[in-house]
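Please read the structure below before turning to the comments.
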Amino acid sequence: SAGDSITYTCNPGYTMHGSATINCLTGDSRVWSAAPPTCSADCGADWTDLTGAVLSPNFPHSYPASSSCVYTISVPPGMVIGLTVDVFNTEQNYDVFEIRDGGGSSSTMIGRYSGSGLSSNDVIQSTSNQMWLKFTSDGSGQMQGFRIYYDSSSVDLRTCDDPGTPSYSTRVVTGFS
């Protein structure tokens, strides 16, 4: 009825195009103030939410040829980012997903992946509060692409793995459980 409103949100990794809220207008005919928005997986994005998803363009459908997409994830200082792979399928050797630990193209390389080079539930951890990701596709052989979820955690909450004890030694441990 007149005055009603609908508010839309996109699923993680998708970008909204259009108005998030539309209203039923008053007057002789009941019409909405705008068309519902659309949600799409765009080529590149800058994410600042503590959790989210990185999607190849057009996901879950095939990504376009000749794409060059840069994604950045930035969370507050004192936090780190964890990527968890859900789907990864690109053209082997030609369509490449690059992951860097930091906010730019010259940050420390974590890896370059293509084909089925990342498996479902693989986890990639940053050591900083930023990650820089780039997806490049060539002119042929488009595949489904990828959906990679991310979350963030406080550096202070992470624990170090037990490094073990070398042969023929003893150790004194302080604060390690």
Side-chain angles (χ1 to χ4, degrees), residues 9-17 20 38-164 175-177:
T9 56
C10 293
N11 291 339
Y14 291 90
T15 302
M16 183 175 294
H17 302 278
T38 59
C39 298
S40 62
D42 294 342
C43 179
D46 296 316
W47 303 111
T48 56
D49 296 331
L50 296 179
T51 62
V54 179
L55 307 173
S56 55
N58 207 33
F59 188 89
H61 307 289
S62 297
Y63 51 78
S66 305
S67 295
S68 180
C69 311
V70 173
Y71 307 83
T72 60
I73 304 170
S74 300
V75 297
M79 302 194 83
V80 292
I81 302 162
L83 303 178
T84 302
V85 177
D86 181 43
V87 174
F88 191 86
N89 184 18
T90 68
E91 185 184 18
Q92 182 70 41
N93 299 323
Y94 298 102
D95 300 342
V96 178
F97 187 61
E98 179 180 326
I99 303 174
R100 292 184 178 266
D101 188 2
S105 60
S106 60
S107 298
T108 302
M109 173 80 73
I110 292 176
R112 292 173 50 87
Y113 307 93
S114 69
S116 56
L118 290 170
S119 300
S120 184
N121 296 317
D122 280 357
V123 175
I124 298 168
Q125 187 73 44
S126 74
T127 61
S128 73
N129 67 319
Q130 295 180 312
M131 291 184 98
W132 186 90
L133 317 166
K134 184 176 183 180
F135 174 64
T136 307
S137 65
D138 70 353
S140 64
Q142 295 79 42
M143 309 290 273
Q144 182 181 21
F146 52 85
R147 177 173 48 215
I148 300 173
Y149 293 105
Y150 76 87
D151 63 6
S152 54
S153 59
S154 172
V155 173
D156 295 337
L157 298 178
R158 294 189 320 163
T159 59
C160 291
D161 293 331
D162 187 339
F176 184 79
S177 53

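- Pro57 and Phe135 make their closest contact through CD-CD2, 4.1 Å (heavy atoms, listed as atom of the first residue, atom of the second, distance).
- In terms of heavy-atom proximity, Ser140 sits nearest to Ala65 at N-CB, 4.5 Å.
- Between Ala53 and Tyr149, the shortest heavy-atom contact is CB-CD2, 3.7 Å.
- Test Thr90, Val87, Asn58 against Gln144 for side-chain contact (heavy atoms from CB on, under 4.5 Å) and you get one pass: Val87.
- A donor-acceptor pair is defined here as one N or O able to donate and one able to accept, closer than 3.5 Å; no such pair exists between the side chain of Asp151 and the backbone of Thr51.
- Looking at Leu133 and Ile148, their side chains never come closer than 4.5 Å, going by heavy atoms from C-beta outward.
- In terms of the side-chain hydrogen bond (donor to acceptor under 3.5 Å, both in side chains) criterion, residue partners of Thr72 (sequence neighbours excluded) are, by chain and number, Asp46.
- Rounding to the nearest 0.5 Å places OG of Ser153 at 5.5 Å from CD of Gln125.
- Between Gly44 and Cys69, the shortest heavy-atom contact is N-CB, 3.6 Å.
- Between the OH atom of Tyr94 and the CG atom of Asp138 there is a distance of 7.5 Å, given to the nearest 0.5 Å.
- The heavy-atom pair separating Gly115 from Gln92 by the smallest distance is CA-OE1, 3.2 Å.
- Ile99 contributes atom CD1, which lies 10.0 Å from atom CE of Met109 (distance to the nearest 0.5 angstrom).
- Of the inter-residue distances, the one linking Asp86 atom CG with Asn121 atom CG reads 7.5 Å to the nearest 0.5 angstrom.
- Pairs passing the side chain to side chain donor-acceptor pair (under 3.5 Å) check and including a residue from residues 97-109, sequence neighbours excluded, read Glu98-Arg100, Glu98-Arg112, Asp101-Thr127, Asp101-Ser128.
- Summarising the geometry of Tyr71 relative to Asp42, their closest heavy-atom pair is OH-O, 3.7 Å, with the distance given to 0.1 Å.
- Within the structure, side chain to side chain donor-acceptor pair (under 3.5 Å) contacts touching residues 60-70 (residues at least two apart or in different chains) are Tyr63-Asp95.
- For the atom pair CG (Asn129) and OG (Ser152), the distance works out to 10.0 Å, reported to the nearest 0.5 Å.
- A donor-acceptor pair under 3.5 Å links the side-chain atoms of Ser114 to the main chain of Asn93, judged by distance alone.
- Qualifying side-chain hydrogen bond (donor to acceptor under 3.5 Å, both in side chains) partners for Ser74, counting only residues two or more places apart in sequence or in other chains: Gln130.
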Is there a side-chain contact (heavy atoms from CB on, under 4.5 Å) between Glu91 and Ser137? Walk through the geometry before answering. CA-CA 8 Å; Glu91 185 184 18; Ser137 65; over 6 Å; no

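- For the pair Tyr14 (side chain) and Phe59 (backbone), a donor-acceptor distance under 3.5 Å is present.
- Residues passing the salt bridge (charged side-chain N to carboxylate O under 4.0 Å, His left out) test with Asp49, sequence neighbours excluded: none.
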For residues 76-85, tabulate all N or O donor-acceptor pairs below 3.5 Å that involve a side-chain atom, not counting sequence neighbours.
none

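- In terms of modelled atom types and a separation under 3.5 Å, the side chain of Ser56 and the main chain of Phe146 share a donor-acceptor contact.
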